Amino acid sequence: MEPRYDIKEVETRISKAWEDSGLFNPDICIEQGKTDADAEPFSIVLPPPNVTGVLHIGHAYEDALQDVAVRYARMQGKRTLWVPGTDHAAIATQAKVEKELSKTEKKSRFDLGREEFLKRVNDFAKASHDTIVKQVKRLGASLDWTREAYTLDEKRSKGVRTAFKTMYDLGLIYRGNRIVNWDPKGGTVISDDEVQHEERTATLYTFRYDKNFPIAVATTRLETKFGDTAVAVHPSDERYKQYVGKEYDAVFCGEPIHIKIIADESVEKDFGTGALGVTPAHSMIDWEIAERHKIPAKQVIDERGKMTVDGIVNGKKTEEARMLVAEELRKNGLMEKEEDVVQNVSIAERTGAIIEPLPKLQWFVAVDKPFAHGSGFLGIGTKTTTLKKLMYNAVASGKVKFTSERFEKTYFHWIDNLRDWCISRQIWFGHRVPVWYKGNEIYSGVEAPAGDGWEQDPDTLDTWFSSALWPFSTLGWPEQTPDLKTYFPNSLMAPGYEILFLWVARMILMAGVLLKDIPFKTVLIHGIVRDSKGQKFSKSLGNGIDPLILADTYGADALRMALIVGAPVGNDVKFDEQRVKGYRNFSTKIWNIARFIHMNKPAGSASESLKNNEKPRDGGEYIKEFNTLKKDVTAHIEAYEYHLASEKAYHYIWHTLADKIIEEQKAKLRDGSAAEKEAAYRLLEHLLLESLKMLHPFMPFVTEAVYQIFRPGRMLMVERWE
RNA sequence: GCGUCCUUAGCUCAGUGGUAGAGCGUCACAUUGACAUUGUGAAGGCCGGAGGUCCGAUCCCUCCAGGACGCACCA
């Protein structure tokens, strides 16, 4: 053996050996007799990384976790499939290319036109994809690349169109004019789950529309008040009871408005004046109030964030309009109070723009609408159900298990508050809405309708719509493929908790409607990798670390260990480069343990019998000790307590096998009789190889490399976990 | 407002109804050895605070304080 553990040489060589063997593909495992054809399947699909650039350390962590599960399953002899793929990440990818385009060529996507722009995005996505694949492979992930998928490839696109059409026919997808989250910077609508909140200070103005109006109202968004169509008060508020039901014509900053006074439970008596100016077109809440009371909506802000009313604010941006209105109110003695308040502002997740709620004609998924389900799935009954109920019951029934119960609570809470899911986007990169129009005719189908004059909807679908199909689109759905039959539902899914709603819930939804089944049995929800100060890794903070550089410096094995040991899977991981270094030392330690044992291999034919993995005759108590530990480690892996399993394996190899057992056997190896030397060697070799097997899911490279030195021609990754 | 989680060694964090654990760091000693080092040992803790249940609580329950996060939102 080489005196030094050459990380890069070994990891590169082993990577290639695995790839050449084809054993990441379960079909080849069966062909070669490594797996029984009727073995229990174990399937998992890689949460597809976005083709927006490169992998970060969070991906390395997520892949490591899954690879532990996959390698363990494979070693158990299961028919193991881990499907790789990437996500086109519609809005994120488009935004990235647009930014680049504007920087280097000073052009917008409209300057290029849809076709040329999409070509650019696809080129970028392709380059990004290639980088990502290389990175994932480097980290030792045992994915079956022969089955690679892309959310925007031909098969997945057909799946998307089929899903849309099916749900459209069920009445679960509808087109409606409703208030939506408009991202003025991205120029598109986004869903509730893509909106984030940020605390900001704002001025709360208390004012009257005009001198004759009987009630003062409070708002932070004065400029929207041109769109007020009602004033709402609490039904039990004695102060305003006399006005409820009355209607007023008023003049607000020179513009006529018509206000109806209504009573609604949602109004808080103690806030502001206890009266709420209702602006249905520019506030989610107000929209809902207006719906309840059949109050009309009046839009006063356009998609560019500019005022559309006549008079002093015409054409102005919202912030400027607000100042103008405030000034006008003060001038006319209508402003009663101005105070600073802290409020939460809605921000678009991808572009950082402040959300402008606007009424727009968009496509939605109806989550509360009863539909004919026609199966007894999840004990829902055979008649009708709603998507909310489907999502709820999948988890409540225990069919889908979350590894941490606390996430189930979060999940249920989210469902309770869920509104219809807006799925159309005004961007170009993505799945085009599979709907065609001709005059008043509307057609939804998997393919375009025959005949002339049909115009396809210009919008694209929320990227999460295609991601939601991932557990089965990757297996060939809507075709009834053998893979789908064997590997669906997936055994496991390993997403981060930050996409519990965006993704996990939607997969459950889609599988429930389209396949009348759960998408996966177990959800292993993991935390976020943070830096040593506890901050998220992000470009703006400049604290990003390239996992590949770490892998090249310390080894992918060491990186994996540093991420897995020390934090339970559901918790956040605090990442510290020092720890990677520590596990690099551990790799070296393993190499040296092996080298020492290898050097002490007795010459002659006796050792040839070792090839058959015979148990050594001596050292029974050591073997017993090992077996107890192995059982313990196995139990931890089964319970997804990878942090404990890996730590115990680590501790055993270093501080029991190396520090105690090898030290104790040294004398015999040096001075013993031939028989004693043989016995000592057999014992050490046995314990080493068994230890490598136990550690393999966590540190696949060094364990495989050493194993093959002792067992040439064999492959540790398909040895049996007993 | 509703909800979840966290508080354990200098740091980062595990863990358990029965005398407190790891890694890193620190200190002392040993060592060129299978070991780009390693080994042996040491120091270091009222397990956030107060109650309760229990023979016994760091662990279970209640409350409090501090911190993180999710959802909803005050217009």
Side-chain angles (χ1 to χ4, degrees), chain A residues 1 3-7 192-193 195-197 199 202 204-206 217-222 224-225 228 231-233 264 266-279 282-286 289 341-346 404-419 497-498 500-501 527-528 530-536 561-562 565-568 570-600 636 641 643-644 646-648 650-651 654-655 658-660 662-663 666 669 684:
Chain A
M1 274 177 82
R4 217 181 113 183
Y5 178 50
D6 186 338
I7 294 167
D192 294 343
D193 294 282
V195 174
Q196 292 179 337
H197 300 282
E199 266 195 1
L204 180 68
Y205 304 94
T206 304
V217 296
T219 183
T220 54
R221 297 208 55 192
L222 272 179
T224 66
K225 298 289 110 179
D228 281 15
V231 164
V233 300
D264 194 280
S266 69
V267 179
E268 288 201 28
K269 280 193 272 191
D270 300 329
F271 188 88
T273 60
L276 164 67
V278 180
T279 324
H282 299 291
S283 156
M284 297 281 171
I285 297 299
D286 294 5
I289 293 174
V341 291
V342 177
Q343 65 168 179
N344 277 328
V345 178
S346 299
S404 320
E405 240 177 78
R406 67 173 195 265
F407 292 120
E408 296 189 358
K409 285 186 189 170
T410 317
Y411 175 82
F412 292 139
H413 189 244
W414 174 79
I415 292 176
D416 288 342
N417 291 303
L418 186 62
R419 290 186 253 194
Y497 61 70
E498 76 278 12
L500 186 59
F501 311 138
I528 294 171
R530 297 172 182 276
D531 70 9
S532 53
K533 289 178 208 142
Q535 292 175 305
K536 272 192 189 182
M561 284 293 275
V565 183
N571 289 13
D572 288 355
V573 177
K574 260 192 201 151
F575 183 78
D576 182 2
E577 195 166 329
Q578 270 305 311
R579 299 186 54 234
V580 191
K581 207 169 162 182
Y583 291 109
R584 190 270 320 268
N585 292 349
F586 181 48
S587 309
T588 310
K589 186 76 184 179
I590 292 172
W591 187 261
N592 282 300
I593 291 169
R595 198 155 70 91
F596 177 76
I597 295 174
H598 198 252
M599 274 163 46
N600 285 288
H636 285 311
E641 293 163 347
H643 61 302
L644 298 179
S646 52
E647 193 182 349
K648 284 184 178 176
Y650 166 88
H651 208 261
W654 200 320
H655 299 298
D659 289 351
K660 299 208 172 75
I662 289 181
E663 291 303 325
K666 267 185 179 170
L669 287 171
L684 293 179

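Atom set for the values below is all heavy atoms of this structure, side chains included, hydrogens, waters and symmetry mates excluded. If you're wondering where the values come from, they're calculated on a predicted model, not measured in any experiment. Note on naming: letters A, B, ... go to the chains in the order of the sequence lines (proteins, then strands), and numbering restarts at 1 for each one.
Remark on RNA chain B: of its neighbouring residues A/Ala658 and A/Arg419, the 5'-side contact belongs to A/Ala658, judged by nearest-heavy-atom nucleotide. Between A/Gln578 and A/Thr279, the residue anchored closer to the 5' end of RNA chain B is A/Gln578, taking for each the nucleotide with the nearest heavy atom.
Contact annotation for A/Pro3: no contact, since no heavy-atom pair falls under 4.0 Å across all strands. Contacts of A/Lys666 with the nucleic acid, taken as non-hydrogen atoms under 4.0 Å apart, include base atoms. Nucleic acid contact class of A/Gly272 (heavy atoms, under 4.0 Å, all strands): none. Counting any heavy atom pair closer than 4.0 Å across all strands shown, A/Arg530 reaches no nucleic acid atom. Among the atoms of the strands shown, only primed sugar atoms or phosphate atoms (P, OP1, OP2) are found under 4.0 Å from some heavy atom of A/Glu647. Note on A/Arg579: nothing from the nucleic acid sits closer than 4.0 angstrom, heavy atoms only. A/Ile593 comes within 4.0 angstrom of a base, heavy atoms only. Heavy atoms of A/Lys574 sit under 4.0 angstrom from primed sugar atoms or phosphate atoms, though from no base atom.
The phosphate of B/G39 (OP1 or OP2) has a side-chain N or O of A/Trp654 nearer than 4.0 angstrom. Residue A/His643 places none of its side-chain N or O atoms closer than 4.0 Å to OP1 or OP2 of B/G23. In this model, the phosphate group of B/C5 is not approached by any side-chain N or O of A/Asn571 to a distance below 4.0 Å at OP1 or OP2. Residue A/His197 places at least one side-chain N or O closer than 4.0 Å to OP1 or OP2 of B/A72.
Rounded to a whole angstrom, the distance from the C1' atom of B/A43 to that of B/U26 is 8 Å. Between the C1' atoms of B/G21 and B/C64, the separation comes to 29 Å (whole Å). For B/U12 and B/G39, the C1' atoms lie 25 Å apart once the distance is rounded to whole Å. Nucleotides B/A68 and B/G25 place their C1' atoms 26 Å apart, quoted to the nearest Å. Taking atom C1' in both B/C61 and B/G67, the straight-line distance is 23 Å, to the nearest Å. B/U7 and B/U58 have their C1' atoms separated by 12 Å, given to the nearest Å. The gap from the P atom of B/C11 to that of B/G49 amounts to 16 Å, rounded to the nearest Å. Taking atom P on both B/A42 and B/C5, the two are 38 Å apart, rounded to the nearest angstrom.
Here the straight-line distance linking atom OG of A/Ser266 with atom CD1 of A/Ile289 works out to 3.5 Å at 0.5 Å rounding. Rounding to the nearest 0.5 Å gives a distance of 5.0 Å between OG of A/Ser346 and NE2 of A/His197. Expressed to the nearest 0.5 Å, how far CG of A/Leu644 lies from NZ of A/Lys648 amounts to 6.0 Å. If you take CG on A/Leu669 and CG on A/Asn600, they are separated by 4.5 Å, rounding to the nearest 0.5 Å.
For the pair A/His413 NE2 and B/G70 P, the interatomic distance rounds to 13 Å; values are reported in whole Å. As a whole-Å value, the separation of A/Glu498 CD from B/C5 C1' is 16 Å. A/Lys648 places its NZ atom 13 Å from the P atom of B/A22, with the value rounded to the nearest Å. The separation between A/Asn592 atom CG and B/U32 atom C1' is 13 Å, rounded to whole Å. Atom CZ of A/Phe501 is separated from atom P of B/C69 by 15 Å (rounded to the nearest Å). Regarding A/Tyr583, its OH atom lies at a distance of 8 Å from the C1' atom of B/A22, rounded to whole Å. When rounded to the nearest whole Å, the span between CG of A/Asn344 and C1' of B/C71 equals 11 Å. Regarding A/Phe596, its CZ atom lies at a distance of 14 Å from the C1' atom of B/G39, rounded to whole Å.
Under the rule for a side-chain contact (heavy atoms from CB on, under 4.5 Å), the partners of A/Thr220 that lie at least two apart in sequence or sit in another chain are A/Ala202, A/Leu204, A/Val341, A/Gln343. Qualifying side-chain contact (heavy atoms from CB on, under 4.5 Å) partners for A/Thr219, counting only residues two or more places apart in sequence or in other chains: A/Phe207, A/Arg221, A/Leu222, A/Lys225. Qualifying ring-ring contact (aromatic ring centres under 6.0 Å, His included) partners for A/Phe271, counting only residues two or more places apart in sequence or in other chains: none. Checked against ring-ring contact (aromatic ring centres under 6.0 Å, His included), A/His643 has no partners two or more places apart in sequence or in another chain.
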* Structure fact -> Note, RNA chain B 5' to 3' with Watson-Crick or G-U pairs under 3.5 Å encoded as ( ), [ ], | and . gives (((((((..((((....[..)))).(((((.......))))).....(((((..]....))))))))))))....

* Steps toward ring-ring contact (aromatic ring centres under 6.0 Å, His included) verdict (A/Tyr583, A/Tyr650) -> CA-CA 9 Å; A/Tyr583 291 109; A/Tyr650 166 88; 5.3 Å; yes

* Chi angles and distances behind the side chain to side chain donor-acceptor pair (under 3.5 Å) call for A/Tyr497, A/Asn571 -> CA-CA 9 Å; A/Tyr497 61 70; A/Asn571 289 13; over 6 Å; no

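Annotation: A/Asn417, atom CG; neighbour count of heavy atoms from other residues, nucleotides and ligands within 6.0 Å is above 12.
When distances are taken from the side chain of A/Leu644 to each of B/A14, B/C73, B/A34, the shortest belongs to B/A14. Comparing atom distances between the A/Asn585 side chain and each of B/A34, B/U38, B/A22 picks out B/U38 as nearest.
In terms of polar N and O atoms assigned as donor or acceptor, the side chain of A/Glu641 never comes within less than 3.5 Å of the base of B/A14 in a complementary pairing.
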Strictly under 3.5 Å: I want the nitrogen or oxygen pairs between protein and nucleotides 40-45 of chain B, one per line.
none

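In this structure, A/Thr273 and A/Thr206 have side chains that are in contact, with non-hydrogen atoms separated by less than 4.5 Å.
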